[in-house]
Amino acid sequence: MRIKIGVENNYEGRSLAWALDYPGCFAYGGDGSEAILRVPEALLRYKEWIDSHLPDSWMKDLGDFDIHLEETFDVFTINENYELVEDGYDVNAWFRHDWRTLSAEDIRRGSLILQWSREDLLELVASLNPAQLDCKLDGERWSIAGVLGHIANAEHWYLDRLGLAEGKRSDLPVDVFERLLRVRQRLNTVLPELEALQHVVGIDGEFWSPRKLLRRATEHEIDHIDHIFKLISRL
């Protein structure tokens, strides 16, 4: 089986290898080569996670696979005039794969990934008290509650890129759990409407599509589950 990979360099100081046909499967590395080398392990963990939820999962026939680099994208930074600068807006990866429309099966799988990652996220923080949620640890940008709010805010922003967000971010609930729920409800409502929709938007110097929305949303929550797990270990 051929596993198509897109590598995004200079992503928050690292490289990120995306398994393009498997939303939620990705690997980080110090550079592109290291990120690619970590994909097989990430793919096997991904398969194990999905198989644990579905007895007849779409990963059951993975078998032997070959990693194939399809495309590389170097993140760059621009200002309001779309000029290259050192400190400004980061333009993240747009792959040719992102032009492809979403099928009903893509949406079904993506929705399940989002459902399971949300269940994992909420289970992870369920036993934390308010003081633990709000504890700001040395060297960290956010508390755990701050990370939860960031997950919701980012998902709202992804939807906004395609003109699909419900209201402004300032209209979202203050409580982070209500905020997470509100934004995810909107995403769940919108996703089925994106089937076969050829809709590519250029905004703030960056391209967005339904496939990129799903790619980014699935990765972001899973990535921050690992982040929160590390924060909890330091409490």
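Residues take their numbers from the sequence shown, with the count starting at 1. The analysis underlying the following values was restricted to heavy atoms, covering all of them including side chains, and did not include hydrogens, waters or symmetry mates.
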Could you grab the distance from atom CD1 of Ile151 to atom CD1 of Ile228, nearest 0.5 Å is fine? 4.5 Å
For Asp98, is there an ion pair with Arg211 - N to carboxylate O distance below 4.0 angstrom? no
Given side chains that start at C-beta, do those of Glu219 and Leu16 come closer than 4.5 Å, heavy atoms only? yes
Using only atom types and a distance under 3.5 Å, with no angle test, would you say the side chain of His156 pairs donor to acceptor with the backbone of Gly167? yes
Closer than 4.0 angstrom, basic N to acidic O: yes or no for Arg184 and Glu221? yes
With salt bridge (charged side-chain N to carboxylate O under 4.0 Å, His left out) as the test, would you mind laying out the steps for Asp160 and Lys168 before giving the verdict? CA-CA 9 Å; Asp160 180 70; Lys168 300 178 181 178; over 6 Å; no
Can you find a pair of side-chain heavy atoms, one from Glu71 and one from Val7, that are under 4.5 Å apart? no
Distance-only donor-acceptor check, side chains Arg14 and Asn9, under 3.5 Å: no
Residue from Arg100, Arg109, Arg2 passing salt bridge (Lys or Arg N to Asp or Glu O under 4.0 Å) with Asp21: Arg100
Which heavy-atom pair separates Ala152 from Arg179 by the least distance, and what is that distance? CB-CG, 3.4 Å
Going by heavy atoms in the side chains, are Cys135 and Leu137 under 4.5 Å from each other? yes
Got a salt bridge between Lys60 and Asp56, using NZ or NE/NH1/NH2 to carboxylate O under 4.0 Å? yes
Is there a side chain to side chain contact (heavy atoms under 4.5 Å, CB included) between Leu197 and Thr101? Walk through the geometry before answering. CA-CA 6 Å; Leu197 181 65; Thr101 60; 5.9 Å; no
Between the CG atom in Leu214 and the CG atom in Leu187, the distance rounded to the nearest 0.5 Å is 8.0 Å
Nearest heavy-atom contact between Phe95 and Gly6 is CZ-C, 3.6 Å
Residues Arg45, Glu41: salt bridge by 4.0 Å N-O rule: yes
For Trp58 and Ile113, the nearest pair of non-hydrogen atoms, with its separation, is CZ2-CD1, 4.0 Å
With Trp94 as reference, evaluate Trp18, Phe207, Phe73 under the ring-ring contact (aromatic ring centres under 6.0 Å, His included) test and give the passing residue. Phe207
Quick one, Tyr28 with Asp223, criterion side chain to side chain donor-acceptor pair (under 3.5 Å). Give me CA distance, side-chain angles, the key distance, then yes/no. CA-CA 10 Å; Tyr28 283 105; Asp223 187 38; 3.1 Å; yes
CA sep, side-chain torsions, deciding dist, call: Trp116, Leu54, side chain to side chain contact (heavy atoms under 4.5 Å, CB included): CA-CA 11 Å; Trp116 298 331; Leu54 284 179; 3.7 Å; yes
Can you label the angle between the His53 ring and the Trp49 ring as parallel, tilted or perpendicular, going by 30° and 60°? perpendicular
If you measure from NE2 on His220 to CD1 on Ile222, what distance do you get to the nearest 0.5 Å? 11.5 Å
Does any part of the side chain of Leu62, heavy atoms only, come nearer than 4.5 Å to the side chain of Tyr46, both counted from C-beta? no
For the residue pair Asp31 / Ser15, report whether a side-chain donor-acceptor contact shorter than 3.5 Å exists. no
Between Gln132 and Asn129, is there a donor-acceptor pair closer than 3.5 Å when you use the side chain of the first and the backbone of the second? yes
Note, His68 side chain near Ile5 side chain (heavy atom, < 4.5 Å): no
Flag the pair Pro173 / Arg182 as yes when at least one side-chain heavy-atom distance between them is below 4.5 Å, and no otherwise. yes
Just verifying a value: how many Å separate Leu133 CG and Leu231 CG, rounded to the nearest 0.5 Å? 11.0 Å
One thing to verify: whether Glu206 and Lys212 come together as a salt bridge, which I'm taking to mean a side-chain N less than 4.0 angstrom from a carboxylate O. yes
Nearest 0.5 angstrom please: Glu12 CD to Asn92 CG, how far? 8.0 Å
Any side-chain heavy atom of His227 sitting closer than 4.5 Å to one from Val147? yes
Side chain to side chain contact (heavy atoms under 4.5 Å, CB included), that's the test. Do Met59 and Leu43 meet it? Break it down for me. CA-CA 10 Å; Met59 299 294 292; Leu43 191 64; 4.1 Å; yes
Is there side-chain contact between Phe177 and Leu148, with heavy atoms separated by less than 4.5 Å? yes
Between Glu70 and Arg96 (salt bridge meaning N to carboxylate O under 4.0 Å), is one present in this structure? no
So, taking the atom named OG in Ser117 and the one named CG in Leu124, what distance separates them when rounded to the nearest 0.5 Å? 12.0 Å
Steps toward side chain to side chain donor-acceptor pair (under 3.5 Å) verdict (Asp106, Ser103): CA-CA 5 Å; Asp106 290 328; Ser103 67; 3.1 Å; yes
Salt bridge or not for Asp138 and Arg234, using N-O below 4.0 Å? no
State plainly whether the residues Glu140 and Lys136 are in salt-bridge range, i.e. N to O under 4.0 Å. no
Please assess Leu162 against His199 for the test side chain to side chain contact (heavy atoms under 4.5 Å, CB included), listing each intermediate value before the final yes or no. CA-CA 8 Å; Leu162 289 176; His199 181 56; 3.9 Å; yes
Under 3.5 Å, is there a donor-acceptor pair between the Asp134 and Ser143 side chains? no
